[in-house]
Amino acid sequence: MSDTYYITTPIYYVNDMPHIGHIYTTVMADIFARYHRLCGDRVRFLTGTDEHGQKIQKAAQAQGIEPLALADKVVARYHHLWEILNISHDDFIRTTDARHQQGVSEIIRRITAAGDIYKGEYEGWYCAGAEAFVPDSQVRDGKDLETGYPVERLSEPSYFFKLSTFQDRLLAWYRANPDCIQPKTRYNEVLRFVEGGLKDLSISRASLSWGVPFPDDPEHVVYVWLDALTNYISALGFGSDDDTLYGEHWPASMHLVGKDILRFHCVYWPAFLMSAGLPLPRQIFGHGWWLRDEAKMSKSLGNVVRPDYLVDRFGTDAVRYFLARDMTFGQDASFSDEAFLERFNADLANSLGNVSSRTLAMVRRNLDGKVPASTSDGPVPEAAQTAVTAFREAMDRNAPHRALEATWRLLATIDGFIQERQPWAVARKGDEARKELESILYSCLEGLRIASLLIEPIIPSTAAKLRAQLGATDLPVNLADGVTWGLMGEGHKVGESEPLFPRIDIKAYLKELQSGQETEKAKAKKERTPEDEMITIDDFSKVQLKVGIVREAERVPKSKKLMKIMVDVGEGEPRQLVAGIAAQYEAESLIGRRIVVIANLQPAKLMGVESRGMLLAATGEDGAPFLLSPDGEVDPGAQVR
Ligand code: MSP
């Protein structure tokens with residue numbers, strides 16, 4: 001009997017284009033899904049997009065398009081990325097799908113029937129960046145201390161979920177299932193958080209329209225996290241006419257998420273499910289964050305690693321391998337180009353690439369390209385079995401980086417065996433040593449075939465390519481009978497071979513990258529979306545705008561554009577300003593005119609003349625300035641807002 005294995009990724013917000021941090025969760029989920037398929041389990045793998053809420057509504061507004069149009073654009077990008085990254089998901093859910101909205105309505109109906117929802121008034125902070133209600137104690141200077149995003153004050157009618165009554169039930173669940181949250185440090189964090197007490201949770205928004213309508217009260221939309229979390233069951237048909245998949249696959253074996261969204265998955269989600277009388281997920285794993293050269297990745301810093309560039313340049317499997325190998329699963333890691341390149345050369349080009357190409361070249365040259373009779377020479381057969389056991393054990397305890405180490409130990413054993421037995425020297429001895437040569441090369445071939453099964457979940461295309469080169473395409477690809485020693489049949493022809501991973505000239509590449517990065521940074525500057533450009537009211541209030549009356553004006557000598565003016569901004573003494581308006585305005589026409597001035601701009605010198613502020617002007621098509629004036633006789637110094 002095979003087990004079922006249902007694994008999910010978070011569903012991604014569609015306000016922005018994905019970077020390497022976003023693809024990480026999905027690549028790792030894909031590795032687990034493929035591993036379980038290889039073990040013979042009945043796997044279901046779900047990913048998708050989180051399309052409702054204030055954050056998406058705002059981003060769409062800023063671009064002047066409908067939220068769904070923005071979502072469609074970003075969804076297309078995700079489909080493209082999942083394709084180039086060889087992601088083997090069985091389903092892609094969008095929270096704007098009708099099937100999803102049915103699931104959300106159904107879970108709310110059940111929670112209501114359980115008596116866990118009441119209507120009240122939400123008065124407090126909201127952080128649109130994290131789509132989270134934020135307690136007063138976590139707000140400083142208009143920002144959410146946990147995420148750094150700005151918060152806003154809400155005061156609106158709301159439906160509440162009686163989360164506070166779930167504390168004991170949640171604690172009992174954690175304690176009875178010590179593996180339900182991983183790694184252990186995260187388990188402890190969640191436990192401590194819940195032990196501290198829980199407040200009821202607002203689960204609807206009255207001041208927002210972009211969401212699933214709240215059942216029986218269309219004045220409200222469902223709070224986006226209740227909406228989003230339900231994707232894990234709505235995608236299986238929960239709440240729709242056909243819930244066969246739900247019956248087969250729920251509860252989930254693994255919700256894979258980033259550490260930043262652990263609380264939603266480990267506290268809110270199980271409480272919603274408990275209330276609705278539904279089974280709880282078996283495990284939630286909170287992985288760490290990818291940093292860029294030790295710093296947080298951010299679009300405005302221009303240091304975001306874009307996955308398609310790496311895939312284009314080095315191939316899908318190099319990216320998948322690096323992500324799985326270089327991060328201790330569960331901890332943070334730093335992405336650096338150097339580390340990527342070094343891993344590529346050492347592990348892929350050298351270890352895997354060299355061992356296989358040397359073995360195959362010798363088989364072709366000395367054995368007519370044919371697989372010799374089965375033997376179990378040297379340490380390789382045992383090393384292969386040890387690697388299979390260690391690999392499975394590491395994958396089963398969510399340590400894919402260790403599983404890869406075990407595989408590379410097998411490759412190192414094959415390499416060491418070749419060094420020690422020197423098959424090229426044996427070949428030179430001619431016919432009398434033919435048996436010995438065959439025996440050595442068989443061990444290498446078979447060791448490589450078993451390694452190809454271990455790398456299958458991580459770098460599936462390379463694994464298939466390697467098996468084709470070994471001539472082993474007709475043998476079982478699984479981690480049961482497939483890993484038995486001695487399956488490669490005598491006389492079988494090995495396939496064509498080309499280098500699996502050609503070595504990279506690191507120095508040359510870094511140079512190439514340097515110039516690329518300069519343009520990337522420039523692009524990042526240019527490509528700032530309207531949403532990036534948004535400022536808060538606090539930012540705006542830093543600029544002191546005042547009405548001024550021009551008292552004197554004269555051209556700056558030797559300048560076509562600059563005019564020196566003395567402006568009364570209500571400070572007693574007039575201020576001296578230099579403005580680029582001399583080509584369009586005569587000095588005399590300015591005297592007595594009311595203008596708008598930025599009064600707290602740092603002083604600057606223009607053609608040696610000091611300017612203590614700046615006047616406001618609209619820019620015409622050809623760049624010509626048009627002065628702004630108040631619509632009436634306001635006193636100098638009056639504030640402009
Ligand atoms: N929409 C919510 C999830 C709802 S699930 C019911 C969300 N979306 S997200 O697009 O902001 O993030 C999706 C995933 O990407 C999260 O698991 C997050 O941790 C992960 N990452 C985003 N940046 C990351 C890194 N720099 N490094 C690793 N993963 C990070 O949250």
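In each ligand, atom 1 is the first atom listed, and ligand 1 is the first ligand listed. What you are looking at is a predicted structure, and each value in this text was computed from that prediction instead of being measured. What you see below is based on every heavy atom in this structure, not just the backbone, and it leaves out hydrogens, waters and symmetry mates.
- A donor-acceptor pair shorter than 3.5 Å can be found between the side chains of T25 and H287.
- A cation-pi geometry, defined here as NZ or CZ lying under 6.0 Å from the six-membered ring centre and within 45° of its normal, holds between K55 and Y149.
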Would you mind writing out a table of all protein N or O atoms found under 3.5 Å from any N or O atom of ligand 1, naming both atoms and giving the distance to 0.1 Å?
from: ligand 1; atom 1: 1 (N); to: I11; atom 2: O; distance (Å): 2.8
from: ligand 1; atom 1: 1 (N); to: D50; atom 2: OD2; distance (Å): 2.7
from: ligand 1; atom 1: 10 (O); to: Y13; atom 2: N; distance (Å): 3.2
from: ligand 1; atom 1: 17 (O); to: G258; atom 2: N; distance (Å): 2.9
from: ligand 1; atom 1: 19 (O); to: D260; atom 2: OD1; distance (Å): 2.6
from: ligand 1; atom 1: 26 (N); to: W290; atom 2: O; distance (Å): 3.1
from: ligand 1; atom 1: 27 (N); to: W290; atom 2: N; distance (Å): 2.8
from: ligand 1; atom 1: 29 (N); to: G21; atom 2: O; distance (Å): 3.1

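- Within a 6.0 Å radius of NZ in K199, other residues, nucleotides and ligands contribute 12 heavy atoms or fewer.
- Figure legend: R169 and F166 shown as a cation-pi pair, the cationic atom lying under 6.0 angstrom from the six-membered ring centre and within 45 degrees of its axis.
- At least one test fails for R263 against the ring of Y268: distance under 6.0 Å to the centre or angle within 45° of the axis.
- Applying the 6.0 Å contact sphere to CD of E66 captures no more than 12 heavy atoms from other residues, nucleotides or ligands.
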